[in-house]
Novice: 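Mind having a look at this structure? Questions to follow.
Numbered from 1 within each chain, the chains take letters A, B, ... in sequence-line order.
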Amino acid sequence: MLTLAIIREKKEEVIQRLKVKNFNAEEIVTRILELDKTRRLMQQKQDSRQNELNTISKSIGLLLRKGQKDEAEASRRKTTEIKEEIKKISDQLDTFESDLNALLIQLPNLPHHSVPAGRGAGDNITVREGGTKPTLAENAMPHWDLARKYDVIDFELGNKITGAGFPLYKGKGAKLQRALINFFLDENQKAGYTEYMPPLMVNQDSGYGTGQLPDKDGQMYYVGTDNYYLIPTAEVPVTNIYRDVILNAADFPIKNTAYTPCFRREAGSYGKDVRGLNRLHQFDKVEIVQIQHPGKSYDALEEMVNHVESLVRKLELPYRIIKLCGGDMSFTSALTYDFEVYAAAQKRWLEVSSVSNFESFQANRLKLRYKEEGNKKPALAHTLNGSSLALPRIVAALLENNQTAEGIKLPVVLHSYAGFDLIS
RNA sequence: GGAGAGAUGGCCGAGUGGUCUAAGGCGCACGCCUGGAGAGCGUGUAGUCGCCAAAAGUGGCUCGCGGGUUCGAAUCCCGCUCUCUCCGCCA
């Protein structure tokens with residue numbers, strides 16, 4: 001969430017910049033500032049009364065030691081009123097604080113200055129494209145038909161075992177998953193990322209830390225017996241490593257990567273969006289996370305984009321990099337680049353990665369800070385993450401784009417990882 | 001799942017109702033000493049919300065978390081979480 005400090009100091013700028021995200025913050029910001037002002041006044045009152053009480057208590061101790069019982073008794077009588085007042089103020093303060101917090105949580109992150117205004121996907125900007133779209137034969141099939149033809153993914157069986165959106169990979173289909181995961185992790189490691197294998201369920205604090213809770217709890221699978229959530233992305237556990245942590249400036253950059261299955265309820269999705277591998281309830285993804293010094297986070301973002309681009313190029317897929325407009329960006333992001341690959345049989349662009357800088361928005365919730373040499377107070381760090389990459393849509397594009405009369409030809413880079421070069 | 005023990009600062013560890021403003025040690029930083037290093041000596045060593053233009057200073061809060069008792073709680077009471085030991089179960 002945004003810091004109170006920035007709202008206090010740059011009220012108008014906050015309101016203006018949130019308009020880029022089509023968010024009218026005027027009313028909330030005004031109420032926040034009012035509440036904040038009252039809260040501070042009340043705290044002053046409480047602090048001074050508490051100070052009085054502490055002083056009296058101490059003097060009672062001294063009087064009793066000296067044996068002056070009557071004086072001690074007189075002091076004790078004075079405290080009743082003060083205590084009542086403190087109790088009253090502190091109850092009010094609690095209410096104000098939770099009201100204030102409830103409002104703060106509603107404000108989305110400020111978009112970076114370079115983010116274009118816009119309503120939705122139509123206003124996004126294509127930064128660059130790469131690769132070449134293949135020319136497919138007349139009878140080219142979408143990946144769900146190819147998956148059946150070569151018996152590599154069984155959607156019906158997944159349906160039987162669990163339900164829709166839980167495919168079952170088989171034979172070379174399963175091996176291809178493993179190959180892609182290893183390929184991505186190896187590439188990430190070469191780029192300086194440390195590999196993690198985190199828990200797949202997280203507690204409420206972690207869900208709150210990265211922003212999935214309280215608003216998007218309907219998007220996560222919830223294990224009520226133990227009050228845990230299945231992770232929708234490795235971002236949640238891997239970023240929460242640093243919850244309530246104060247780093248040294250010398251610790252930057254922190255670069256972590258993790259492969260995990262991801263679980264998403266995807267309530268409300270339907271139609272061609274969910275056909276085949278296009279949108280699943282369980283899928284595999286390799287994630288990269290960086291914790292950065294605020295002054296370096298945008299360099300890190302570019303570095304991450306370039307890295308993800310190198311992966312897509314090695315897979316020989318036609319792709320485009322898109323800078324999201326304000327209206328299409330997530331609540332928590334300050335700047336996001338999406339990667340899309342072209343699935344030639346569906347003739348659709350499929351999102352395979354989303355690389356974002358959250359600046360201090362997540363860090364504020366996480367209480368993730370760092371200390372600068374010579375600086376007394378800790379400051380919020382910046383967090384970034386991106387997919388590198390999400391598997392199902394990559395597989396969809398690989399199947400569709402590389403279909404030939406002989407079978408599906410894998411890109412060279414995967415041959416050694418998969419142990420085969422053709423699915424037939 | 002059953003029984004028991006425990007949670008104190010960066011770390012170890014003392015503290016069972018009132019100079020706890022948390023002893024002592026280790027670590028770290030700085031200074032003195034030294035040709036240099038070490039040893040030794042000295043000083044400092046958290047977070048957070050306020051007040052103050054800011055620094056300095058200063059008030060409140062924080063001894064796992066949340067309540068309670070009391071003029072006063074690290075210390076007493078209740079609830080929760082987590083850790084450890086033993087038993088049971090188990091890939």
Side-chain angles (χ1 to χ4, degrees), chain A residues 1-11 32-105 197-209 213 223-229 237 240-251 254 360 363-381:
Chain A
M1 62 184 159
L2 297 178
T3 59
L4 249 183
I6 196 168
I7 297 171
R8 259 188 229 154
E9 285 157 27
K10 300 180 176 171
K11 179 190 174 189
I32 286 174
L33 290 176
E34 281 167 9
L35 272 176
D36 178 46
K37 204 172 160 188
T38 323
R39 183 195 116 245
R40 279 145 76 194
L41 282 171
M42 284 173 53
Q43 192 189 328
Q44 281 174 51
K45 213 151 87 175
Q46 174 172 267
D47 286 359
S48 72
R49 302 256 82 179
Q50 186 67 52
N51 187 16
E52 258 179 82
L53 188 62
N54 291 348
T55 311
I56 294 176
S57 294
K58 251 175 228 171
S59 73
I60 290 178
L62 286 173
L63 289 171
L64 285 179
R65 202 166 312 128
K66 282 190 249 163
Q68 298 173 291
K69 277 193 180 161
D70 294 344
E71 288 86 340
E73 185 56 37
S75 290
R76 190 193 317 209
R77 274 197 296 272
K78 283 196 289 187
T79 61
T80 321
E81 195 190 332
I82 300 175
K83 280 182 75 175
E84 270 169 25
E85 198 178 345
I86 289 174
K87 174 91 177 104
K88 219 168 78 188
I89 299 173
S90 112
D91 286 349
Q92 283 177 307
L93 252 181
D94 286 349
T95 315
F96 275 108
E97 256 153 32
S98 64
D99 287 355
L100 188 60
N101 201 41
L103 288 172
L104 274 172
I105 271 181
M197 194 177 262
L200 304 182
M201 290 192 237
V202 296
N203 59 29
Q204 267 180 316
D205 285 347
S206 294
Y208 179 83
L213 295 175
V223 185
T225 320
D226 295 290
N227 201 21
Y228 293 151
Y229 293 85
N240 270 283
I241 295 169
Y242 304 94
R243 172 154 50 83
D244 285 316
V245 165
I246 299 178
L247 299 160
N248 294 312
D251 296 333
I254 288 169
S360 61
N364 191 27
R365 286 190 167 205
L366 291 161
K367 297 198 179 63
L368 162 52
R369 291 161 296 168
Y370 73 100
K371 259 187 162 170
E372 197 96 57
E373 195 76 31
N375 264 13
K376 272 189 128 176
K377 291 207 111 189
L380 292 171

Novice: Closer than 4.0 Å, any side-chain N/O of A:K377 to the OP1 or OP2 of B:A46?
Specialist: no

Novice: With a 4.0 Å limit, can you tell me whether A:R40 has a side-chain N or O closer than that to the phosphate oxygens OP1/OP2 of B:C51?
Specialist: yes

Novice: Would you call A:E52 and A:R49 a salt bridge, using N to O less than 4.0 angstrom?
Specialist: yes

Novice: For B:A3, what is the paired nucleotide under Watson-Crick or G-U wobble rules, both distances under 3.5 Å?
Specialist: B:U85

Novice: When you compare B:U69 with B:C76, how far apart are their C1' atoms, in angstrom units rounded to a whole number?
Specialist: 8 Å

Novice: Under 4.0 Å between a side-chain N or O of A:R39 and OP1 or OP2 of B:G50?
Specialist: yes

Novice: Go ahead and name the base partner of B:U45; Watson-Crick or wobble counts if both distances stay under 3.5 Å, otherwise write none.
Specialist: B:G27

Novice: So what's B:C52 paired with, Watson-Crick or G-U wobble, going by both distances under 3.5 Å?
Specialist: none

Novice: Look through every strand shown and name the nucleotide pairing with B:G72 as Watson-Crick or G-U wobble, where both distances are under 3.5 Å.
Specialist: none

Novice: Quantified in whole Å, what is the C1' atom distance between nucleotide B:A5 and nucleotide B:U19?
Specialist: 34 Å

Novice: For atom C1', what is the distance between B:G60 and B:G6, given to the nearest Å?
Specialist: 31 Å

Novice: Below the 4.0 Å mark, does B:G50 have OP1 or OP2 next to a side-chain nitrogen or oxygen of A:R8?
Specialist: yes

Novice: Send over the distance from A:E9 CD to B:A54 P, rounded to a whole Å.
Specialist: 10 Å

Novice: How many Å lie between CG on A:N51 and P on B:U21, as a whole number?
Specialist: 13 Å

Novice: What residues, two or more places apart in sequence or in another chain, satisfy salt bridge (Lys or Arg N to Asp or Glu O under 4.0 Å) together with A:R365?
Specialist: none

Novice: What's the CD1-C1' distance between A:I89 and B:G60, to the nearest Å?
Specialist: 12 Å

Novice: Return the pairing partner of B:C32 with a 3.5 Å limit on both distances, Watson-Crick or G-U wobble; otherwise return none.
Specialist: B:G40

Novice: Please determine, for the side chain of A:N54, which listed nucleotide (B:C61, B:U48, B:C51) has the closest atom?
Specialist: B:C61

Novice: Check step by step if side-chain contact (heavy atoms from CB on, under 4.5 Å) holds for A:L53 and A:I86.
Specialist: CA-CA 9 Å; A:L53 188 62; A:I86 289 174; 3.9 Å; yes

Novice: Just wondering, more than 12 heavy atoms not from A:Y228 lying within 6.0 Å of its OH?
Specialist: no

Novice: Is the shortest side-chain N to carboxylate O distance from A:E34 to A:K37 below 4.0 Å?
Specialist: no

Novice: Figure out the CG/P separation between A:L35 and B:C49, and round it to whole Å.
Specialist: 17 Å

Novice: Counting side-chain heavy atoms from C-beta on, which of B:U48, B:C51, B:G60 comes nearest to A:Q50?
Specialist: B:G60

Novice: Which is more 5' along RNA chain B, the nucleotide nearest A:Q46 or the one nearest A:P378? Just name the residue.
Specialist: A:P378

Novice: Within the structure shown, what part of the strands sits under 4.0 Å from A:K45 by heavy-atom distance: base, sugar-phosphate, or nothing?
Specialist: nothing

Novice: Roughly how many Å apart are B:A7 and B:C63, using the P atom of each and rounding to a whole number?
Specialist: 14 Å

Novice: Expressed as a whole number of Å, how far does the P atom of B:A74 sit from that of B:A91?
Specialist: 48 Å

Novice: Please confirm whether any donor atom in the side chain of A:Q44 sits under 3.5 Å from an acceptor in the base of B:C51, or the reverse.
Specialist: no

Novice: Can you find a heavy atom in the side chain of A:R76 that is under 4.5 Å from one in the side chain of A:I60?
Specialist: yes

Novice: Quick one: does A:N101's side chain get under 4.5 Å of A:I105's, heavy atoms only?
Specialist: yes

Novice: Tell me the interatomic distance from A:K371, atom NZ, to B:C28, atom C1', rounded to whole angstroms.
Specialist: 12 Å

Novice: For A:K367 and B:U62, give me the distance from atom NZ to atom P, rounded to whole Å.
Specialist: 17 Å

Novice: Could you give the distance separating B:C26 and B:G42 at their P atoms, to the nearest angstrom?
Specialist: 12 Å

Novice: Mark up nucleotides 65-78 of chain B, 5' to 3', with B wherever a protein heavy atom is under 4.0 angstrom from a base atom, S wherever such an atom reaches only the sugar-phosphate, and - elsewhere.
Specialist: ------BS------

Novice: Write down the distance between CD (A:E52) and P (B:C61), rounded to a whole number of angstrom.
Specialist: 13 Å

Novice: If you only use heavy atoms from C-beta on, which nucleotide in B:U48, B:A46, B:G59 is closest to the side chain of A:R369?
Specialist: B:U48

Novice: As a quick check of understanding, evaluate side-chain contact (heavy atoms from CB on, under 4.5 Å) for A:I32 and A:L4, giving each step before the final call.
Specialist: CA-CA 8 Å; A:I32 286 174; A:L4 249 183; 3.8 Å; yes

Novice: Is there a donor-acceptor contact under 3.5 Å linking the side chains of A:S48 and A:N51?
Specialist: no

Novice: If pairing requires Watson-Crick or G-U wobble contacts with both distances under 3.5 Å, which nucleotide is the partner of B:G64?
Specialist: B:C80

Novice: Test your reading of the model: is there a side-chain donor-acceptor pair from A:N240 to the backbone of A:R243, 3.5 Å cut-off?
Specialist: no

Novice: Taking atom C1' in both B:G9 and B:U62, compute the distance separating them and give it to the nearest angstrom.
Specialist: 11 Å

Novice: Take atom C1' in B:G31 and the same atom in B:U83, then report the distance between them in whole Å.
Specialist: 42 Å

Novice: Can you tell me how far P of B:G9 sits from CD1 of A:I246, to the nearest Å?
Specialist: 14 Å

